[in-house]
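The block underneath contains the structure these notes are about, expressed in structure tokens.
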Amino acid sequence: MAETELERAEKRYAQAKARLQALRNREATRQRKLDTRRKVILGGALLDLAERDSGAAAMVDRLVRNLSRDQDRKAFAEWKGAGSGGDAPSGSRGGGSPAPASDPDGSG
């Protein structure tokens with residue numbers, strides 16, 4: 001039995017619909033990859049800056065402390081910021097004010 005014009009049109013429609021969905025899927029994948037790349041680049045730039053700048057290190061510390069998942073916080077457990085001078089993320093959830101300076105002459 002020969003295909004009717006309607007059947008051919010429906011077949012072409014289904015093929016076009018499948019091509020459109022494939023294009024949408026490829027675009028969504030491309031956007032996700034671009035989003036991930038941006039996050040990696042900015043994250044690396046922020047960590048690099050935080051190793052040199054105590055203000056940026058404090059920002060990273062605050063961001064890490066406010067991560068909701070333990071496994072995410074653990075990824076930063078060994079990270080040291082701003083010259084490893086105590087600006088590394090800590091376990092406290094303080095209000096963001098700096099800790100008092102230690103006695104400069106070491107007497108007490």
Salt bridge E5-R8, side-chain N to carboxylate O under 4.0 Å: no

Euclidean distance, R24 CZ relative to R19 CZ, rounded to 0.5 Å: 13.5 Å

Residues R32 and T29: side-chain donor-acceptor under 3.5 angstrom: yes

Closest non-hydrogen atom pair, V60 against L47: CG1-CD2, 4.0 Å

From CD (Q15) to CG (L20), nearest 0.5 Å: 13.5 Å

Distance, nearest 0.5 Å, that separates CD of E51 from CG of L46: 10.5 Å

Pair K39 + D35: basic N to acidic O under 4.0 Å: yes

Considering all heavy atoms, the nearest E3-E7 contact: CA-OE1, 3.3 Å

Value rounded to 0.5 Å, distance of CG in D70 from NZ in K74: 6.0 Å

Spacing of CG belonging to N66 relative to CZ belonging to R73, to within rounding of 0.5 Å: 9.0 Å

Crowding at CD, E78 (>12 non-hydrogen neighbours, <6.0 Å): no

Closest approach of A57 to A50 (non-hydrogen atoms, all atoms of both residues): CB-O, 3.5 Å

From CA spacing to verdict: side-chain contact (heavy atoms from CB on, under 4.5 Å), W79, V64: CA-CA 10 Å; W79 180 79; V64 170; 5.9 Å; no

